[in-house]
Enquirer: 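Below is a structure I'd like to ask you about.
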Amino acid sequence: MRIRIVDAFTDRPFAGNPAGVLLLEAFPDDDRLQRVALEVNHSETAFAHRLPAGGEADWALRWFTPATEVAMCGHATLATAHVLHTTGAHEGPVRFATRSGVLTATPREDGAITLDFPTAPLTPVQTPAGVAEALGAEPRTVLDTGPNIGDLLVEVADEKTVRGLAPDLTALAAHSERGVIATARAEDPARGYDYVSRCFFPNVGIDEDPVTGSAHTALAPFWSERLGRPDLTGLQASSRSGRVRTELRGGRTLLSGHAVTVIDGELLV
């Protein structure tokens, strides 16, 4: 099996979020997929195979963290679309059949790729006891992000607070299905982004995800309502960092970014 490592939501290597991408003839058993994802040991590894022509989707796509399969992943979808387009395996928009329905990835003239994902349903909730202590900051707003995402979206005071978070991951794991998205308004929008975030996913084996496309299906409606604009840019302020352009279209959210292939090799076992 040929395996590629792609940095997603960045236009330069060694930034953004790395994902493994394997294009297959068919999916092997789940244990095999999970073992490969553990060996790759990035936040997600994507496995895809071509589907028969004439159906509702062109490729089947699954995503695995080192610990488990997930229902939705933005950066590994972007990485897979990038591999399909740069290798000539697929031209134009590509439709992926996934656990979250059919997701479309469309190449743009500027070299970026736009993903069409379902908008996360946001439900305000009371701040669960212990979240502030586990996160290390006092929440302003807390929302549930629905079944596809499985996170708590937590707004904190400001960008400085987001950047300075050092959460107790063991304690944080008790408060959501996947983890916590911490966010705040950008301190200076002139720097080219409207809001900032960090994502901690201890329940799926990821202490901090570098850049999370799926989280932006919740961040986009949250900040679009507050800032009064459907088109925004989010900065995920991890150590690798990356930017996600978002466009809110009601029940769908468009996520745009670049990707760079950094490793192309062969799985020998």
Side-chain angles (χ1 to χ4, degrees), residues 6-19 43-44 73-79 81-82 85-86 105-117 119-120 122 137 140-141 143 145 149 151 153-166 180-201 208-250 252-262:
V6 178
D7 291 343
F9 291 115
T10 181
D11 58 3
R12 56 189 176 87
F14 314 125
N17 199 352
S43 55
E44 267 90 10
C73 179
H75 85 278
T77 304
L78 178 64
H82 169 78
H85 295 137
T86 55
T106 303
R108 297 161 49 111
E109 291 185 0
D110 63 358
I113 294 171
T114 295
L115 308 178
D116 184 337
F117 272 39
T119 301
L122 301 181
R140 282 187 168 181
T141 308
L143 302 101
T145 60
I149 308 301
D151 298 328
L153 176 60
V154 179
E155 181 190 11
V156 297
D158 51 31
E159 180 175 334
K160 182 179 179 181
T161 300
V162 172
R163 291 181 178 273
L165 291 173
V180 170
I181 308 164
T183 188
R185 187 178 301 207
E187 180 180 322
D188 180 8
R191 294 175 180 169
Y193 56 91
D194 302 290
Y195 57 90
V196 64
S197 67
R198 289 175 67 192
C199 294
F200 307 100
F201 302 144
E208 180 171 3
D209 199 33
V211 190
T212 313
S214 60
H216 285 76
T217 66
L219 290 162
F222 181 82
W223 287 112
S224 288
E225 179 181 354
R226 282 153 181 76
L227 300 178
R229 306 196 317 274
D231 298 348
L232 299 171
T233 298
L235 173 73
Q236 196 155 327
S238 66
S239 59
R240 292 177 63 100
S241 191
R243 300 190 185 202
V244 183
R245 286 175 284 175
T246 61
E247 180 182 344
L248 187 63
R249 291 188 175 179
R252 308 296 295 183
T253 295
L254 304 185
L255 312 171
S256 297
H258 290 79
V260 181
T261 301
V262 293

Enquirer: Taking the side chain as C-beta and beyond, is there a heavy-atom pair between His216 and Ser197 under 4.5 Å?
Expert: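 Of all side-chain heavy-atom pairs linking Ser197 with His216, at least one is under 4.5 Å.
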Enquirer: Of the non-hydrogen atoms in Ala120 and Pro221, which two are nearest, and what is the gap between them?
Expert: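 Heavy atoms of Ala120 and Pro221 come nearest at O-CG, 4.2 Å.
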Enquirer: Give, for atom CG of Leu78 and atom OG1 of Thr10, the distance between the pair rounded to the nearest 0.5 Å.
Expert: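 Spacing of CG (Leu78) from OG1 (Thr10) equals 10.5 Å.
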Enquirer: Taking all non-hydrogen atoms of both residues, which atom of Val260 and which atom of Asp11 are closest, and how far apart?
Expert: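 Reported closest heavy-atom pair: CG2-C, 3.6 Å.
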Enquirer: Taking NZ, NE, NH1 and NH2 as the nitrogens, is one of them in Glu208 or Arg198 under 4.0 Å from a carboxylate oxygen of the other?
Expert: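 Yes.
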Enquirer: Is any side-chain heavy atom of Asp194 less than 4.5 Å from a side-chain heavy atom of Arg229?
Expert: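 In contact.
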Enquirer: Just how far is it from atom CZ of Arg240 to atom CG of Asn17, taken to the nearest 0.5 Å?
Expert: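 Rounded to the nearest 0.5 Å, the CZ-CG separation comes to 7.0 Å.
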Enquirer: Side chains of Thr145 and Asp151: is there a donor and an acceptor less than 3.5 Å apart?
Expert: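 Absent: no donor and acceptor within the cut-off.
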Enquirer: In the structure I gave you, are the side-chain heavy atoms of Gln236 and Phe9 within less than 4.5 Å of one another anywhere?
Expert: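 Side chain of Gln236 against side chain of Phe9, heavy atoms only: no contact under 4.5 Å found.
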Enquirer: Drop me the distance from His258's NE2 to Asp7's CG, to the nearest 0.5 angstrom.
Expert: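 Rounded to the nearest 0.5 Å, the NE2-CG separation comes out at 14.0 Å.
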Enquirer: Between Leu219 and Thr246, is any pair of side-chain heavy atoms under 4.5 Å apart?
Expert: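 No. Closest side-chain heavy atoms not under 4.5 Å.
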Enquirer: Tell me the closest heavy-atom pair linking Val156 and Ala137, and the distance in Å.
Expert: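 It is CG1-CB, 4.1 Å.
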Enquirer: Atom CZ in Phe222, atom CG in Leu122: separation rounded to 0.5 Å?
Expert: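 It is 8.0 Å, given to the nearest 0.5 Å.
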Enquirer: Any side-chain heavy atom of Ser238 within less than 4.5 Å of one from Asp209?
Expert: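 Answer no - side chains too far apart.
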Enquirer: First locate atom OG1 of Thr233, then atom CZ of Arg243, and finally report the distance between them rounded to the nearest 0.5 Å.
Expert: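 Those atoms lie 7.5 Å apart.
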Enquirer: Does a side-chain heavy-atom distance below 4.5 Å link Arg226 with Thr141?
Expert: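 Side-chain contact under 4.5 Å: yes.
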Enquirer: How long is the span from the CZ atom in Phe201 to the OG atom in Ser214, to the nearest 0.5 Å?
Expert: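 Rounded to the nearest 0.5 Å, the CZ-OG separation comes to 5.5 Å.
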Enquirer: Does any non-hydrogen side-chain atom of Pro18 lie less than 4.5 Å from one of Val262?
Expert: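 Val262 vs Pro18: side chains apart.
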Enquirer: Any side-chain heavy atom of Val244 within less than 4.5 Å of one from His75?
Expert: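 A side-chain contact is absent here, since even the closest heavy-atom pair is not under 4.5 Å.
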Enquirer: Output yes when Lys160 and Asp158 qualify as a salt bridge under the 4.0 Å nitrogen-oxygen rule, no when they do not.
Expert: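 Here Lys160 does not pair with Asp158 in a salt bridge, since their nearest N and O are not under 4.0 Å apart.
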Enquirer: Which heavy atom of Val196 sits nearest a heavy atom of Ala237, and at what distance?
Expert: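 Closest heavy-atom pair between Val196 and Ala237: CG2-CB, 3.6 Å.
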Enquirer: For a quick test of reading the model, state the closest non-hydrogen atom pair linking Ala218 to Leu153 and the distance between them.
Expert: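 The answer is O-CD2, 4.1 Å.
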Enquirer: Any chance CZ of Arg252 has more than 12 other-residue heavy atoms, nucleotides or ligands included, within less than 6.0 Å?
Expert: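 It does: Arg252 CZ has more than 12 such atoms within range.
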Enquirer: Closest approach of Ala186 and Pro189, non-hydrogen atoms and distance?
Expert: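 Here Ala186 and Pro189 meet closest at O-CD, 4.2 Å.
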Enquirer: With no hydrogens and no angle check, just 3.5 Å: does a side-chain donor-acceptor pair link Thr253 and Thr119?
Expert: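 Per modelled atom types, Thr253 and Thr119 side chains form a pair under 3.5 Å.
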Enquirer: With no hydrogens and no angle check, is any side-chain donor or acceptor of Glu187 less than 3.5 Å from a backbone partner on Glu159?
Expert: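 It does not hold such a pair.
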Enquirer: Which word best sums up how the rings of Trp223 and Tyr195 line up, parallel for under 30°, tilted for 30 to 60°, or perpendicular for over 60°?
Expert: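 Ring orientation of Trp223 relative to Tyr195: parallel.
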